[in-house]
**Student:** 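If you scroll down you'll find the structure; I have some questions about it.
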Amino acid sequence: MTSMTMVEAIRDGIDIKLGEDDDVVVFGEDVGYFGGVFRCTSGLQEKYGKSRVFDAPINESGIVGAGVGMAAYGLRPCVEVQFADYIYPAYDQIVSEAARLRYRSNGDFTAPMTIRSPCGGGIFGGQTHSQSPEALFTHVSGLKTIMPSNPYDAKGLLIAAIEDDDPVIFFEPKRLYNGPFDGHHDRPSKNWTGHPLADVPDGHYTVPIGKASVYREGNALTVLAYGTMVHVSEAAAEETGTDAEIIDLRTLLPLDIETIETSVKKTGRCLIVHEATRTSGFGAELAAQVQENCFYHLEAPIIRVTGWDTPYPHAQEWHYFPGPARVGKAMQELMEVA
Amino acid sequence: MTSMTMVEAIRDGIDIKLGEDDDVVVFGEDVGYFGGVFRCTSGLQEKYGKSRVFDAPINESGIVGAGVGMAAYGLRPCVEVQFADYIYPAYDQIVSEAARLRYRSNGDFTAPMTIRSPCGGGIFGGQTHSQSPEALFTHVSGLKTIMPSNPYDAKGLLIAAIEDDDPVIFFEPKRLYNGPFDGHHDRPSKNWTGHPLADVPDGHYTVPIGKASVYREGNALTVLAYGTMVHVSEAAAEETGTDAEIIDLRTLLPLDIETIETSVKKTGRCLIVHEATRTSGFGAELAAQVQENCFYHLEAPIIRVTGWDTPYPHAQEWHYFPGPARVGKAMQELMEVA
Amino acid sequence: MNNETKPFSFKVPEPTSRPGDEPDFTGMDIPAAGSVRRPDIESSAEDMKDMARTMVRVLNRDGTAVGPWADPDLSSDTLLFGMRVMLKIRAFDHRMLSMQRQGKTSFYIQCTGEEAISVAHQLTLSPGDMNFPTYRQQGLLMAQDYPLEKMICQILSNEKDPLEGRQMPCLHSAREYGFFTLSGNLGTQFIHAVGWAMASAIKGDTRIASAWIGEGAAAENDFHSALVNASVYKPPVILNVVNNQWAISSFRGIAGGDHATFAERAHGYDIPSLRVDGNDFLAVLAASNWAVKRARRDLGPTLIEWVTYRAGAHSTADDPSKYRPKDESDAWPLGDPILRLKAHLISLGIWSEQRHIQAEAEFSDEIRSATKEAEKSGVLGEGSSRSAMFENVYKEMPDHLVKQQQELEN
Amino acid sequence: MNNETKPFSFKVPEPTSRPGDEPDFTGMDIPAAGSVRRPDIESSAEDMKDMARTMVRVLNRDGTAVGPWADPDLSSDTLLFGMRVMLKIRAFDHRMLSMQRQGKTSFYIQCTGEEAISVAHQLTLSPGDMNFPTYRQQGLLMAQDYPLEKMICQILSNEKDPLEGRQMPCLHSAREYGFFTLSGNLGTQFIHAVGWAMASAIKGDTRIASAWIGEGAAAENDFHSALVNASVYKPPVILNVVNNQWAISSFRGIAGGDHATFAERAHGYDIPSLRVDGNDFLAVLAASNWAVKRARRDLGPTLIEWVTYRAGAHSTADDPSKYRPKDESDAWPLGDPILRLKAHLISLGIWSEQRHIQAEAEFSDEIRSATKEAEKSGVLGEGSSRSAMFENVYKEMPDHLVKQQQELEN
Ligand SMILES: Cc1ncc(C[n+]2csc(CCOP(=O)(O)OP(=O)(O)O)c2C)c(N)n1
Ligand SMILES: Cc1ncc(C[n+]2csc(CCOP(=O)(O)OP(=O)(O)O)c2C)c(N)n1
Ligand SMILES: [Mg+2]
Ligand SMILES: [Mg+2]
């Protein structure tokens with residue numbers, strides 16, 4: 001066990017896979033010599049050489065496209081898109097190619113690759129360094145989509161992703177890289193030291209793809225959250241004294257609907273929280289499935305607390321961000337329904 | 001009034017705007033000399049010249065990107081992406097640029113442009129000529145997304161889209177181009193002649209963006225549908241004898257939640273039908289909003305009948321397509337809930 | 001500062017002729033066969049820029065092979081095999097077009113006029129190499145004697161379709177034959193080929209990749225990402241641009257190929273390139289060999305522009321008489337690849353008019369019987385399994401798909 | 001057929017030196033000032049390919065202007081104005097960096113070492129022309145005396161920020177100054193410029209577009225779509241590639257610019273190109289003028305590669321000592337644009353060491369007071385309005401946003 005930041009946990013996961021499996025290669029903009037703008041691959045080129053860890057041209061479509069070709073050859077590329085906001089140029093290669101290879105060739109060719117990308121706001125990054133585009137990937141059959149909320153899950157899920165035989169989109173909430181963040185941006189920032197989920201086992205382990213975790217047990221209402229919002233929801237529950245059960249989805253697709261169903265059937269109330277823009281966000285799918293599966297147990301309408309349907313603004317960041325005040329208020333509203 | 005196919009109605013709408021407004025320009029792959037692979041721009045280059053209607057290189061990103069530049073200059077480009085399946089290469093230009101120009105420049109620059117694209121299956125086109133990617137656009141703030149179901153709406157909405165000062169994604173269900181289609185692929189295909197909504201007024205008129213229409217009145221349940229699925233739902237209602245109220249959404253974003261709410265509150269039951277893949281499809285957003293707004297009126301869980309979460313297969317097309325049998329069955333199930 | 005202005009005009013390139021006009025290829029520069037040099041395979045891109053604005057040609061008007069690209073060691077067997085494969089493809093295309101007219105398949109794409117390119121190219125590759133084709137390279141499979149029946153079953157989307165009905169006709173996948181799964185999306189495979197070749201280099205392998213794209217699709221952005229990556233990492237890949245003059249209704253000028261050549265695109269990326277007469281079987285063989293040697297010697301990528309003409313319709317959904325002169329194909333100055341090779345074989349004394357006619361008849365028969373056989377497994381999607389629709393979306397079917405499959409079955 | 005194989009090796013280009021190494025620019029070919037020809041503006045791309053592998057330079061080592069690109073009619077006023085704007089920018093960048101260290105802005109990007117390019121280029125444009133810049137072309141605004149305070153307010157995201165806090169610092173938008181709204185996404189603006197120029201041609205206008213991109217971002221696909229469209233429609237656009245050797249931590253080789261030049265990329269698209277010493281104010285002026293003339297005369301696009309060096313960190317979030325020698329900037333053989341112009345002005349007798357120092361002090365003062373003034377409207381997002389967040393998403397706020405705004409306010 002070592003206490004690690006999320007950056008360290010991710011690096012450790014990549015390091016382990018590079019060490020175990022010669023077919024794993026790692027590349028992306030600035031990830032080679034420099035080790036990535038968030039340092040997630042720092043030291044790995046030195047350790048594994050330039051054929052295993054290298055810099056890529058500034059062309060996200062090419063990063064994914066070359067990765068698809070390598071994966072079809074038999075490698076397991078783990079590539080980085082420097083910010084999730086820059087994944088759109090690669091969208092066609094992800095949707096039309098990585099996601100479709102196995103299906104259209106009837107298994108003749110496959111694309112076992114992992115696409116890592118930092119997502120989410122809270123770093124004053126404005127509209128092009130803050131986005132959470134996960135819903136755009138959950139609509140695409142053939143992909144798996146993951147977003148961890150802590151170092152332990154990040155390492156275990158990343159190793160599972162690299163080992164997975166299908167393409168995985170792996171979003172890393174950048175605001176969690178160096179410490180848990182509960183949305184209180186005006187308070188001193190915390191670091192991961194001492195957080196139970198920062199205790200990361202040495203060596204190889206996986207967290208299963210497709211399994212949610214009950215992050216906090218409770219009986220009054222169920223919160224469905226992932227990434228940074230898990231911590232925000234926890235703060236909101238504490239601060240409002242709500243006996244909230246917080247489900248950390250971890251994997252968005254395939255979704256662990258069983259864990260969700262069990263919880264909502266128990267509490268009868270459901271709050272969905274995500275940082276992404278509301279309309280057609282992943283919260284919509286969650287709401288649809290929860291009402292499909294738990295209709296007769298619901299005591300109140302499912303509420304979504306999300307980023308607004310605007311681009312992510314720079315100066316107004318904290319008005320955009322669904323912080324503990326908004327989440328807490330929604331919890332209270334949800335509990336007020338008779 | 002002239003009876004028109006959807007292709008003719010679309011062509012007429014473009015023709016009228018080209019005639020009225022010198023700033024309207026039309027381009028895309030094969031749209032110039034040849035008049036488009038679906039003939040929607042046939043004859044227009046001859047009529048308006050090569051500066052107004054022209055062929056574009058096979059580069060969807062460039063088509064939209066050049067359109068953004070033209071729109072910023074002050075033109076009103078109406079561009080065609082040959083199949084909705086090929087819109088992904090342009091996704092970054094749509095999401096990061098067309099949709100964001102007004103916001104990020106505080107109104108200094110805008111992108112009044114229309115992106116037309118044939119969508120949907122039913123023509124044996126396999127996974128790359130059949131997709132319905134509308135949900136990927138409804139998640140993007142700054143865009144409006146439209147899908148008409150008939151010639152009258154197609155012309156009126158297209159004129160409204162071209163006149164709109166914001167970027168509009170205009171999806172045309174290709175299976176409706178030459179006749180209404182209710183999903184009975186094994187019966188002789190119908191043409192638009194005689195259909196009331198094929199009576200298209202001559203000259204300029206608009207159908208307002210953001211307004212749904214009650215396509216069929218009923219009291220037993222509400223169907224939310226758009227594009228081809230409006231006709232499929234109608235057939236299903238007739239064939240099962242369900243007193244279904246069918247709402248043709250016409251515009252997906254901004255959504256006419258009022259019309260939806262009124263209907264669902266009346267019927268207490270809601271069925272959502274779309275051809276796109278289910279998970280994170282636009283039906284998810286509809287379900288989320290319906291339960292948010294009509295929770296206390298709902299007598300049964302909202303049901304979604306959609307394309308499966310697989311790529312659109314070629315030979316199995318009619319098993320994938322949510323046809324009248326599946327929609328009818330869902331209607332019956334929905335009515336069976338006590 | 002600059003007052004010498006005038007109102008701008010908008011320029012849209014036009015082909016030399018449209019329906020109703022006389023076909024006109026007078027603007028085309030065609031060097032005499034044998035007149036173009038053969039650079040050393042170690043030449044840098046910079047040192048062989050001239051090769052991108054000329055045309056490598058081997059077969060003379062009279063059917064003899066001339067110049068530095070003519071290979072004196074070429075065996076009669078190779079030539080005869082090439083001839084037979086091209087004839088087979090032409091017969092196959094012919095048959096499949098009529099299958100489509102009969103409603104037995106939803107769609108077909110022919111390669112008439114372009115047969116030499118994929119057939120001769122394939123003959124220079126080795127087992128283990130990987131092609132990343134477009135829909136007009138059936139020759140890559142045919143040159144390896146890919147089972148006709150299997151190919152037809154894919155086109156009929158029937159019970160024996162190796163892709164189980166998931167893909168449109170002609171979008172084959174055949175890993176064992178070094179044939180990458182075809183995408184309906186133009187251009188995407190170009191960067192895959194580069195990535196595959198990078199992987200081969202990373203592993204210290206000896207297998208090479210060959211990428212294919214049409215001149216129209218070379219306008220797509222994947223073309224650039226492929227060239228940038230090929231430029232940076234110099235992997236063992238051949239970048240083939242098949243310039244058949246047309247992209248559905250758009251002529252090459254709409255792809256930016258009216259003045260510059262597609263071969264010249266390589267220069268900005270430090271990639272050596274050749275421009276080659278694609279209707280000259282011997283030129284294709286020689287140029288492919290040159291590029292394959294470079295790749296095998298780890299000298300990096302080569303781009304080849306194959307100059308040819310799409311003699312048929314774009315696909316069964318297309319009617320070219322709407323946008324180009326009906327007889328443009330006959331006026332095409334580089335002729336027909338089969339007729340040109342035929343003349344050569346006859347001049348070598350290893351072929352005759354009679355053997356030609358005989359071979360045509362043989363292939364017609366062979367294909368007729370393969371078709372009959374294939375039809376037994378169904379036509380136009382017959383016999384494709386419903387459950388195949390849910391399989392291979394993922395390696396293991398996730399719960400939500402299991403449920404959806406049950407929903408369909410109930 | 002090809003048995004001459006050997007296991008491949010994977011090649012990743014490396015810069016000549018890394019931290020700890022001696023900076024090394026010995027491989028760089030730098031022709032003497034005045035030695036490169038000046039083609040006629042009517043030259044075709046084909047006729048001036050040589051211009052892409054050399055470098056247009058005007059200023060000699062001793063500060064005199066020589067050769068065919070030296071403009072004898074250049075006025076002292078223009079030169080002095082250019083000098084003053086460059087000094088102003090340098091002072092501005094200096095000040096903004098310290099603002100960032102003081103926590104008054106979240107972020108800043110300097111253009112130190114590259115000032116000549118945007119300043120001299122802007123001097124050749126006319127009102128109504130439109131630049132499509134990247135984040136390192138503050139010179140385009142400064143050269144037009146864009147109000148300093150307004151610029152600073154954007155950087156502080158304060159109450160007077162013309163973009164009302166929506167955009168990150170430095171991502172200006174100024175239509176009135178021919179400055180297109182900056183995207184955080186690299187490369188996207190390149191095709192916008194081409195589209196804008198196409199629109200200008202469609203309307204028979206006389207205004208031209210000027211597009212900007214870094215050498216690193218030239219690897220992005222929008223570069224290709226811009227060049228393809230520029231190639232096809234030949235609109236009045238200048239395609240500027242600022243090759244400052246680095247893209248954050250990646251040197252130009254990772255963008256495919258180790259052997260081929262970025263200017264050469266134009267050739268495959270039939271676009272004339274120039275490669276120019278970007279640290280030579282007079283060369284920038286001359287080459288820009290040449291390209292502007294071409295565009296105004298409706299002769300179509302020109303691509304210009306500006307060779308320069310990013311002397312500072314990529315941004316305030318970057319530490320270049322991690323990936324390149326600390327003193328690499330000092331070793332850069334093309335020198336500093338301000339010092340080179342200074343030498344020229346002194347040689348002309350219209351400037352002196354003393355005036356230089358005096359000007360530096362003046363700008364430092366001017367900027368200090370502009371900063372003070374700007375700070376009154378708030379720093380680091382202070383004073384930005386909450387409701388501005390919901391405005392200008394659409395022309396008219398749709399109902400769902402009205403509701404969301406109410407949700408926030410309650
Ligand atoms: C991304 C994408 N855009 C558009 C199309 C539609 N389309 C199919 S083939 C074709 C023309 C291709 O021309 P070219 O690349 O020259 O190849 P050729 O057909 O001549 O062999 C077009 C536009 C497509 N399949 N994919
Ligand atoms: C689409 C996209 N990908 C990645 C980035 C992150 N990024 C910002 S600047 C930069 C380097 C750009 O280098 P270059 O184009 O050479 O311009 P320079 O900074 O040298 O002026 C990168 C990778 C981005 N902003 N947008
Ligand atoms: Mg073609
Ligand atoms: Mg740079």
Side-chain angles (χ1 to χ4, degrees), chain A residues 25 27 29-37 39 42 45 49-63 65 82-83 85-86 88-90 92 123-131 277-279 305-320 322 326 329-330, chain D residues 9-15 18 106-107 157-158 161 163-169 171 183-188 214 216-223 247-251 254-256 317-318 322-323 380-393 398 400-401 404-405 407-408 410:
Chain A
V25 291
F27 58 102
E29 295 159 21
D30 301 296
V31 314
Y33 185 87
F34 182 56
V37 295
R39 327 298 303 127
S42 167
Q45 181 177 81
K50 287 200 297 174
S51 293
R52 305 288 305 287
V53 181
F54 52 91
D55 288 321
I58 304 178
N59 183 314
E60 293 76 14
S61 181
I63 289 171
Q82 198 164 82
F83 284 86
D85 317 62
Y86 307 143
Y88 308 123
D92 187 47
I123 62 155
F124 250 134
Q127 48 193 289
T128 53
H129 302 84
S130 305
Q131 296 173 40
T277 280
R278 179 174 306 173
T279 302
V305 177
T306 67
W308 309 114
D309 282 333
T310 75
Y312 213 116
H314 176 253
Q316 299 90 343
E317 170 153 80
W318 299 116
H319 297 301
Y320 182 92
R326 276 173 59 204
K329 194 162 147 244
Chain D
S9 62
F10 188 58
K11 297 153 209 81
V12 180
E14 268 294 314
R18 286 291 195 185
S106 55
F107 183 75
S157 295
N158 68 17
D161 170 6
L163 305 183
E164 301 198 38
R166 292 198 189 84
Q167 271 283 46
M168 273 183 83
L171 303 190
S183 184
N185 301 61
L186 290 172
T188 48
E220 286 285 9
N221 282 342
D222 300 285
F223 179 82
I248 309 185
S249 74
S250 299
F251 85 119
I254 298 293
D318 178 47
K322 291 257 167 57
Y323 51 79
L380 198 67
E382 280 169 12
S384 74
S385 115
R386 199 145 82 160
S387 67
M389 177 166 67
F390 293 99
E391 282 154 21
N392 270 320
V393 180
H400 67 283
L401 275 179
Q404 290 183 16
Q405 184 165 13
E407 209 177 312
L408 175 65
N410 294 336

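A quick note: this is a predicted structure, and the numbers were derived from the prediction, not measured. Numbered from 1 within each chain, the chains take letters A, B, ... in sequence-line order.
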**Student:** Of all the heavy-atom pairs spanning H314(A) and S106(D), show the shortest one and how long it is.
**Tutor:**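 In terms of heavy atoms, the two residues are closest at NE2-OG, 2.9 Å.
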**Student:** So which residue, K11(D), Q405(D), E14(D), E382(D), ends up with the most heavy-atom pairs under 4.5 Å with chain A?
**Tutor:**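 Greatest number of close heavy-atom pairs with chain A: E14(D).
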**Student:** Just by distance, do the side chain of Q404(D) and the backbone of G307(A) share a donor-acceptor pair under 3.5 Å?
**Tutor:**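 Flag not set: sc Q404(D) to bb G307(A) has no pair under 3.5 Å.
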**Student:** So which of S183(D), G214(D), S250(D) has the largest heavy-atom pair count under 4.5 angstrom toward chain A?
**Tutor:**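 Ranked by contacts with chain A, first place is S250(D).
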**Student:** K50(A) and V12(D): which non-hydrogen atoms are nearest, and at how many Å?
**Tutor:**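 Answer, listing the atom of K50(A) first, then V12(D): NZ-O, 3.0 Å.
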**Student:** Contact part of D85(A) toward chain D, heavy-atom cut-off under 4.5 Å: side chain, backbone, both or neither?
**Tutor:**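 The backbone, not the side chain.
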**Student:** With a 4.5 angstrom heavy-atom cut-off, could you sort out which part of L186(D) is near chain A: side chain, backbone, both or neither?
**Tutor:**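 The side chain, not the backbone.
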**Student:** Heavy atoms only: give me the nearest G216(D)-I58(A) pair and the separation to one decimal.
**Tutor:**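 Shortest heavy-atom separation between G216(D) and I58(A) comes out as O-CB, 3.6 Å.
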**Student:** Between L408(D) and chain A, which part of the residue has a heavy atom less than 4.5 Å away: side chain, backbone, both or neither?
**Tutor:**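 Both the backbone and the side chain of L408(D) come within 4.5 Å of chain A.
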**Student:** Nearest 0.5 Å, what's the CE-NE2 distance between M168(D) and H129(A)?
**Tutor:**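 Rounded to the nearest 0.5 Å, the CE-NE2 separation comes out at 5.0 Å.
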**Student:** Tell me the closest heavy-atom pair linking K329(A) and E407(D), and the distance in Å.
**Tutor:**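 What the structure gives for the nearest pair is NZ-O, 4.1 Å.
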**Student:** Need one label for E60(A): side chain, backbone, both or neither, based on atoms under 4.5 Å from any heavy atom in chain D.
**Tutor:**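 E60(A) touches chain D through backbone and side-chain heavy atoms alike.
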**Student:** Compute the centroid of each ring, for Y323(D) and then for F34(A), and state whether the two points are separated by less than 6.0 Å.
**Tutor:**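 Aromatic pair counts; centres sit under 6.0 Å.
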**Student:** Identify the two heavy atoms, one from N59(A) and one from A219(D), that lie closest to each other, and give their separation to 0.1 Å.
**Tutor:**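 Looking at all heavy atoms of both residues, the closest pair is ND2-O, 2.7 Å.
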**Student:** Would you give the length of the straight line joining atom OG of S157(D) to atom CD of E317(A), rounded to the nearest 0.5 angstrom?
**Tutor:**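 S157(D) OG to E317(A) CD: 10.5 Å, rounded to 0.5 Å.
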**Student:** For residues S249(D) and D30(A), report the shortest heavy-atom separation together with the two atoms involved.
**Tutor:**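 It is OG-OD1, 2.6 Å.
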**Student:** Y320(A) versus chain D, heavy atoms under 4.5 Å apart: side chain, backbone, both or neither?
**Tutor:**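 Interface part for Y320(A): both.
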**Student:** Need one label for A247(D): side chain, backbone, both or neither, based on atoms under 4.5 Å from any heavy atom in chain A.
**Tutor:**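 Contact with chain A: backbone and side chain both.
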**Student:** Kindly determine whether D309(A) and H400(D) satisfy side-chain contact (heavy atoms from CB on, under 4.5 Å), including the steps that lead there.
**Tutor:** CA-CA 8 Å; D309(A) 282 333; H400(D) 67 283; 3.4 Å; yes
**Student:** Heavy-atom pairs under 4.5 Å with chain D are the metric here; pick the option from R326(A), E29(A), R278(A) that has the most.
**Tutor:**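 Of R326(A), E29(A), R278(A), R278(A) has the most heavy-atom pairs under 4.5 Å with chain D.
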**Student:** Name the region of L380(D), side chain, backbone, both or neither, that has any atom closer than 4.5 Å to a heavy atom of chain A.
**Tutor:**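 The answer is both parts of L380(D).
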**Student:** Find the distance between CG (N185(D)) and CZ (F83(A)) and round it off to the nearest 0.5 Å.
**Tutor:**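 If I round to the nearest 0.5 Å, the distance is 11.5 Å.
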**Student:** Tell me which of these, A255(D), S385(D), A317(D), A388(D), has more heavy-atom pairs under 4.5 Å with chain A than the rest.
**Tutor:**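 Heavy-atom pair counts peak at S385(D).
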**Student:** Heavy-atom cut-off 4.5 Å, strictly under: side chain, backbone, both or neither for F124(A) against chain D?
**Tutor:**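 Contact with chain D is through both the backbone and side chain of F124(A).
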**Student:** Return the set of residues passing ring pair (Phe, Tyr, Trp, His ring centres under 6.0 Å) with F107(D) (not counting sequence neighbours), or none when no residue passes.
**Tutor:**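 Listed in chain order: nothing, the list is empty.
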**Student:** Show the numbers, then the answer: is there a side-chain contact (heavy atoms from CB on, under 4.5 Å) between T310(A) and L401(D)?
**Tutor:** CA-CA 8 Å; T310(A) 75; L401(D) 275 179; 3.9 Å; yes
